[in-house]
2 protein chains.
Amino acid sequence: MPILNDDPRPWEVKVAVALLDFQGRLERRMASRLAEHGITLAQFDMLLTLCHGDGVTQQDLAERLLVTKANIVGLIDRAGAAGLVERRPDPEDRRVNRIHVTPAGRKLAGKVRPGQDELIREIFGHLSEAELRQLHALLGRLIAACPRDE
Amino acid sequence: MPILNDDPRPWEVKVAVALLDFQGRLERRMASRLAEHGITLAQFDMLLTLCHGDGVTQQDLAERLLVTKANIVGLIDRAGAAGLVERRPDPEDRRVNRIHVTPAGRKLAGKVRPGQDELIREIFGHLSEAELRQLHALLGRLIAACPRDE
DNA sequence: TATTGTTATACTCTATAACTATA
DNA sequence: TATAGTTATAGAGTATAACAATA
């Protein structure tokens, strides 16, 4: 029984703490599984994003992954060194790189994704579908209440 | 409307994505507020932990914060350089350091905490108490389903 | 021998600013 | 001028291993 009845903290704080706690656990578990395949969460995110929108510019990619254009360089460098993605010059605008998943990257994503889904189902499967819908609705309202830009 | 009705992903995955999304936003907002006071989330966590359990060993502190004993050194170094915490040798065991919050650290924690609580209430206040209780219960079950050790 | 803390090393991610080459 | 990408720099967190002092 992790929470005592006379816990004096307001519900808002208790929920926030629980949420941060759970997210830390989830992320750790996901990262640990990904590490077995030699990639990080950030790189897996990039891979998934590219599998859906191959050939985007670095700028676009940075925006989708919510990192700066300076930091996407290193992410692409590392994933590129691992042979997962590659830069191709845009023929129409010589300032632009188009980022593509390599066959190896696609293969790795396909190999890794089932494990991630399995993990998610293993954990979230403890809730009924009705509860998952509830949780999803509540999270949607929290997301709306928490814009990224301050 | 962020989620379409014909979204083909299973509810488990949708909830996981929403949860990771929201947590990223929340953490960013919290970190941003803390940055105004010159501290990071990790340092705030350490400060809070020490405010409740002053004088713990580095080993203990590392375990509570879920970092290794090697990495707690750097955390304490940085917070120590900022004058927030200090090492005091244990008189009975000359191997151990006892970590204490300085008056400045306690003062900073007191100054920072209201802002964090306010932020949490601003966001979670969009839910009713009944909904917060629901959410808390669901998170509790997810936490139980997601042990830290693999 | 075991434990506490330290150092060393290396990698990932983040944030900012200045720079280049194109447009 | 504005934009796409790069480089440089700095800080923060993480992980592992080897080490010194002490128990």
Side-chain angles (χ1 to χ4, degrees), chain A residues 20 23-24 27-32 34-47 55-82 84-99 148-150, chain B residues 20 24-25 27-32 34-47 55-82 84-99 148-150:
Chain A
L20 260 17
Q23 184 279 339
E27 196 167 292
R28 186 174 280 257
R29 293 282 297 268
M30 295 180 87
S32 152
L34 291 177
E36 295 168 9
H37 299 276
I39 58 172
T40 63
L41 260 174
Q43 287 181 357
F44 183 58
D45 268 358
M46 181 165 69
L47 227 45
V56 297
T57 67
Q58 296 194 188
Q59 196 79 275
D60 282 348
L61 190 53
E63 279 163 22
R64 293 192 200 188
L65 299 176
L66 300 164
V67 301
T68 64
K69 65 174 180 171
N71 288 331
I72 200 69
V73 174
L75 270 172
I76 295 171
D77 283 349
R78 288 186 288 274
L84 304 175
V85 305
E86 64 183 13
R87 292 175 168 93
R88 293 187 208 153
D90 184 314
E92 295 184 354
D93 186 337
R94 291 171 59 197
R95 291 172 304 180
V96 171
N97 287 329
R98 299 280 169 183
I99 310 303
R148 286 197 184 277
D149 38 55
E150 208 74 7
Chain B
L20 260 17
R25 291 161 184 259
E27 196 166 292
R28 187 174 280 257
R29 294 282 297 268
M30 296 180 86
S32 152
L34 291 177
E36 295 167 8
H37 299 277
I39 58 171
T40 62
L41 261 173
Q43 287 180 358
F44 183 58
D45 268 358
M46 180 165 70
L47 227 45
V56 297
T57 68
Q58 297 194 187
Q59 196 81 274
D60 282 347
L61 191 53
E63 279 164 21
R64 294 192 200 189
L65 298 177
L66 300 164
V67 302
T68 64
K69 64 174 181 170
N71 289 330
I72 199 69
V73 174
L75 266 173
I76 295 171
D77 283 350
R78 289 187 288 271
L84 304 175
V85 305
E86 64 182 12
R87 293 175 169 92
R88 294 188 206 152
D90 185 315
E92 295 183 354
D93 186 338
R94 291 171 59 195
R95 291 172 304 179
V96 327
N97 288 329
R98 298 282 170 181
I99 311 302
R148 286 198 185 276
D149 37 57
E150 209 76 7

- Query: With A:Arg98, which residues qualify under side chain to side chain donor-acceptor pair (under 3.5 Å), at least two apart?
  - Reply: A:Asp90
- Note on the structure: Applying side chain to side chain donor-acceptor pair (under 3.5 Å) to A:Asp45 and not counting sequence neighbours gives none
- Task: Please name all residues satisfying salt bridge (charged side-chain N to carboxylate O under 4.0 Å, His left out) with A:Arg87, sequence neighbours left out, ordered by chain then number.
- Result: A:Asp77
- Closest non-hydrogen atoms of B:Asp60 and B:Thr57, given as atom of the first, atom of the second and distance, are N-OG1, 3.0 Å
- Query: By salt bridge (charged side-chain N to carboxylate O under 4.0 Å, His left out), which residues pair with B:Arg25, not counting sequence neighbours?
  - Reply: B:Asp21
- Task: Tell me, please, the opening and closing nucleotides of DNA chain D, 5' to 3', among those with an atom under 4.0 angstrom from a non-hydrogen atom of chain B.
- Result: D:dA12 to D:dA23
- A:Thr40 side chain near C:dC11 phosphate (N/O to OP1/OP2, under 4.0 Å): no
- Item | Partner residues of B:Glu86 under the side chain to side chain donor-acceptor pair (under 3.5 Å) criterion, sequence neighbours left out | B:Arg88
- Going 5' to 3' along nucleotides 1-7 of chain C, which nucleotides have protein heavy atoms under 4.0 Å from the base (write B), which only from the sugar-phosphate (write S), and which from neither (write -)? --BBBBB
- Task: Please state how far atom CD in A:Glu27 lies from atom C1' in C:dC13, giving the value in whole angstrom units.
- Result: 11 Å
Quick one: side chains of residues 63-72 of chain B, donor-acceptor pairs under 3.5 Å with protein atoms, not counting sequence neighbours, listed by atom name and distance.
unit_1, atom_1, unit_2, atom_2, d
B:Thr68, OG1, B:Asn71, N, 3.2
B:Thr68, OG1, B:Asn71, ND2, 3.1

- Message: Need the bend value for the helix from C:dT1-D:dA23 to C:dA23-D:dT1: angle between end axes, 5 pairs each end, nearest 10°.
- Response: 20°
- Task: Please list, chain by chain and in numerical order, all residues satisfying salt bridge (charged side-chain N to carboxylate O under 4.0 Å, His left out) with A:Arg28, sequence neighbours excluded.
- Result: none
- Task: Return the set of residues passing salt bridge (charged side-chain N to carboxylate O under 4.0 Å, His left out) with A:Arg94 (not counting sequence neighbours), or none when no residue passes.
- Result: none
- Task: Check side chain to side chain donor-acceptor pair (under 3.5 Å) between A:Gln59 and all other residues, then give those that pass, not counting sequence neighbours.
- Result: none
